[in-house]
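Report on the structure given below.
Every chain is numbered from 1 and lettered A, B, ... according to where its sequence line falls, protein lines coming before strand lines.
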Amino acid sequence: MTAAVLFENVSRHFGAVRAVDAVDLAVAEGEFFAMLGPSGSGKTTCLRLMAGFEQPTHGHIEIFGETAEGVPPYRRNVNTVFQDYALFPHLSILDNVAYGLMVKGVVREERRKAAEDALAMVKLPGYGARRPGQLSGGQRQRVALARALVNKPKVLLLDEPLGALDLKLREQMQEELKTLQKSLGITFVFVTHDQGEALSMADRIAVFNDGKIQQLGTPEDVYKRPKTRFVADFVGSSNILQPEFVTQLGAGQQLASLRPEAIGLNSKKEGQLAVSGVVLSRSFLGASNRVTVNVGGTKLHVMSPASSPVPEEGSNVTLSFAPADLHLMETTP
Amino acid sequence: MRSDRSTSAPPGLKIAAAGGLLFLHLPIMLIFLYAFTTEEKSYQFPPPGLTLQWFAVTWNRPDVWEALSLSVRVASIATAIALVLGTLCAAAVSQTRFFGRETISLLVILPIALPGIITGIALRSAFSMADIPFSIWTIVLGHATFCVVVVYNNAVARFRRVSGSLVEASMDLGANGLQTFRHVILPNISTALLAGGMLAFALSFDEVIVTTFTGGQQSTLPIWMLQELIRPRQRPVTNVVAMVVVLVTFLPILAAYYLTRDGDQIAGSGK
C-alpha cells in the first residue's frame with residue numbers, strides 16, 4: 001500500500017541549523033499521525049515540508065506516491081489548519097470556508113452549498129454571515145477546520161490546532177477531531193508539544209528532538225517502552241534510572257525508565273522487585289498523590305492513587321514494581 | 001485626581017486655543033476672501049467690493065488650464081509609479097528577511113527627509129549629465145522620489161499587520177501567487193494604498209521646489225501661481241486658483257485620514 005506521506009532521508013537546513021535532520025517516516029493512509037516534540041525539535045518544519053511551505057535540503061518526499069519536492073503548496077492535495085487559524089479577516093465565514101473552492105473556479109451556488117455543509121459538519125451552521133473577528137477562539141478553530149476539509153484533502157495537516165484553547169474546550173475538540181477523522185477517513189497529520197494530546201488522539205506518534213525522530217510507534221509503545229532517555233522524559237514524567245542503580249536491581253548495566261504509576265508503596269506482591277527508601281515529600285494532585293522517595297541517593301517519584309494511604313514525610317517505605325515495568329533503554333541520550 | 005469631561009477649561013486657555021487656530025487658518029480665509037474682491041491690483045483690507053467675476057476670468061484663461069492639466073497629469077503619473085514601487089518595496093521589506101533589509105528601508109525613506117532643494121539640485125545635475133531634456137517626465141521622476149516614500153510608509157505599516165500565515169493559508173487552499181494577491185493581499189492593504197496614494201497625489205500637486213529644478217519651461221499650478229504674484233493685473237485670479245488648490249489637496253487628505261482610521265478598526269477587529 002502506498003503511504004499517504006513518505007519521507008526518505010529528508011533534511012531541511014537553515015544555514016547551520018539542522019531543523020530537520022535525515023528523517024525517515026511513512027504515514028499510512030487513513031491514519032491519525034502525531035508529531036510530538038518540544039519547540040525547535042523540527043516537528044513543525046516537517047509539517048511545512050508536507051504542506052509545501054518548505055522544500056527539503058536533501059531527501060525525497062512523496063504524497064500518495066507522487067513526488068512532492070518542487071511542487072508548490074497550491075498544487076498539493078493537502079490542506080493545513082494553522083496554529084493561529086489564519087482566517088481571512090476581510091471575508092465572511094462562508095467566504096472563508098468557500099475560498100479554496102472559489103480559487104478553483106467552482107460556481108457560486110455550488111461552493112456556498114459545500115461551505116454551508118462544511119460549517120454544519122463542524123457544528124457551526126448558520127454562522128456564515130459573520131466575520132472572523134466576531135467568533136470565539138474555539139469557533140475560529142472550527143472554521144479553520146471546515147475551510148480545510150471543504151477541499152476534500154487527501155491529507156489534513158494540523159499545526160498545534162488546540163494550543164490556543166482552554167483546557168475544557170481542548171478536551172472536547174480532541175474528541176471531536178478524533179470522531180471527525182474516523183468518519184471522514186482522511187489521513188490526519190498533527191503537530192503538538194502536548195504529550196497528553198498525542199497519546200489520547202494519535203494512532204501512531206513520532207517523537208521529535210533536535211530535528212530527528214527519537215521514536216516512532218503507537219502511543220502505548222512510546223509511553224511504556226521509550227527507546228531513549230529523551231522519550232522517557234518527554235512523554236509522561238518517568239523516573240530515569242542510572243545504569244549503576246539498574247545493576248543493583250539485578251538487570252544489565254543500562255539506563256532504565258520506570259513509570260511513577262507502576263510503583264507500589266508498601267504493597268509488595270509476589271514476583272515483584274523491591275527497594276526501600278525514605279519519603280522526601282508528597283503532594284496532593286486530586287486523583288492521585290505524588291510521593292518523592294530517596295532510595296540510596298536516587299530520587300524516585302511515585303504516583304499513588306488518592307484512595308490509598310500516604311506515608312508521612314521522613315518515614316521508611318518499601319517501593320515495589322513488576323520486573324516488566326523496568327524498561328531498559330539505549331544508554332546514548 | 002480624575003478630570004471630569006464636563007469641566008470647563010480656564011478662559012485663558014480657551015483664548016490661547018482660539019488664537020492658535022485663528023493664526024493657523026485666518027490667512028487661508030483671507031485668500032478665500034480676496035478671490036471675491038473687486039480690486040485687482042493690490043490686496044487692500046477690507047475689500048472695496050465683492051464680485052464673482054474672477055471665477056469667469058479664471059475659467060477663460062488658457063494658461064490656468066495648462067498649468068492645472070500639467071499638475072494633474074504629473075500628480076497622477078507620479079502617484080501611479082509610487083503605488084507600484086512603494087507597494088512592492090513594502091512587501092519585500094515586511095514579508096521577507098534578507099541581508100541589507102534595514103538599509104534599504106532607510107534609503108527608501110531618505111528622500112522625504114532630505115530638503116527638497118537637495119533632491120532638486122541632485123536630480124537636475126543628474127538629468128543634465130545624462131543629457132535628458134526637461135519635460136513632464138523629469139517632473140514626474142522628481143515627484144516620484146517622495147511619493148514612493150509616502151506609499152511605502154503606509155503600505156509597510158499595513159503589511160506588518162497582515163499576518164504572513166494569511167498568504168500561506170491562501171496558497172494552501174489552492175490559490176497561486178496572482179490569486180493570493182488579488183483575493184487576500186490587495187483587500188487587506190487597499191485602504192492603506194488609497195490613503196498613501198491620496199497623500200502622494202496631494203504632495204505632488206502642490207510641490208514647488210523639486211519642480212523648479214526639474215521642470216524646464218513648463219509650469220505646474222503652484223509654479224504658475226508664484227509667477228502670477230509678480231504680475232500686477234488680475235491678481236484675484238491667483239486667489240481663485242488657490243482656493244481650488246486648497247480644496248483639491250484638502251479633500252484627499254481628509255479622506256485619507258478617515259480611510260486609514262477606518263482601516264485600523266477593520267484590521268483590529270480581525271485579530
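- Enclosure of atom NZ in A/Lys123 is not indicated, since only 12 or fewer non-hydrogen atoms of other residues, nucleotides or ligands lie within 6.0 angstrom.
- Of the inter-residue distances, the one linking B/Asp172 atom CG with A/Arg147 atom CZ reads 8.0 Å to the nearest 0.5 angstrom.
- No more than 12 heavy atoms of other residues, nucleotides or ligands shown are found within 6.0 angstrom of CG on B/Leu178.
- Considering every non-hydrogen atom in both B/Leu173 and A/Ala148, the closest pair reads CD2-CA, 4.5 Å.
- Taken from CG in B/Leu166 to CG in A/Asp84, the straight-line distance is 7.5 Å, to the nearest 0.5 Å.
- Of all non-hydrogen atoms in B/Ser170 and A/Tyr99, the two that sit nearest each other are OG-OH, 2.7 Å.
- Contact of A/Asn151 with chain B is made through the side chain alone, with heavy-atom distances under 4.5 Å.
- Contacts between residues 45-72 of chain A and chain B, defined by a heavy-atom separation under 4.5 Å, are made by A/Arg48, A/Ala51, A/Phe53.
- Distance check, rounded to the nearest 0.5 Å: CZ of A/Arg75 to CG of B/Asn176 gives 8.0 Å.
- Closest approach of A/Ala86 to B/Ser165, counting heavy atoms only: CB-OG, 3.4 Å.
- Residue B/Asn188 comes nearest to A/His90 through the heavy atom pair ND2-ND1, 3.2 Å, listed as atom of the first residue, atom of the second, then distance.
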Pairs under 3.5 angstrom only: tabulate donor-acceptor contacts from the side chains of residues 99-108 of chain B to other protein residues two or more places apart or in another chain.
from	atom 1	to	atom 2	distance (Å)
B/Arg101	NH1	B/Val93	O	2.5
B/Ser105	OG	B/Tyr152	OH	3.1

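- Within 6.0 Å of the NZ atom in A/Lys152, the count of heavy atoms belonging to other residues, nucleotides or ligands does not exceed 12.
- For the atom pair CZ (A/Arg76) and CE (B/Met171), the distance works out to 11.5 Å, reported to the nearest 0.5 Å.
- Within a 6.0 Å sphere centred on CZ of A/Arg170, heavy atoms belonging to other residues, nucleotides or ligands number more than 12.
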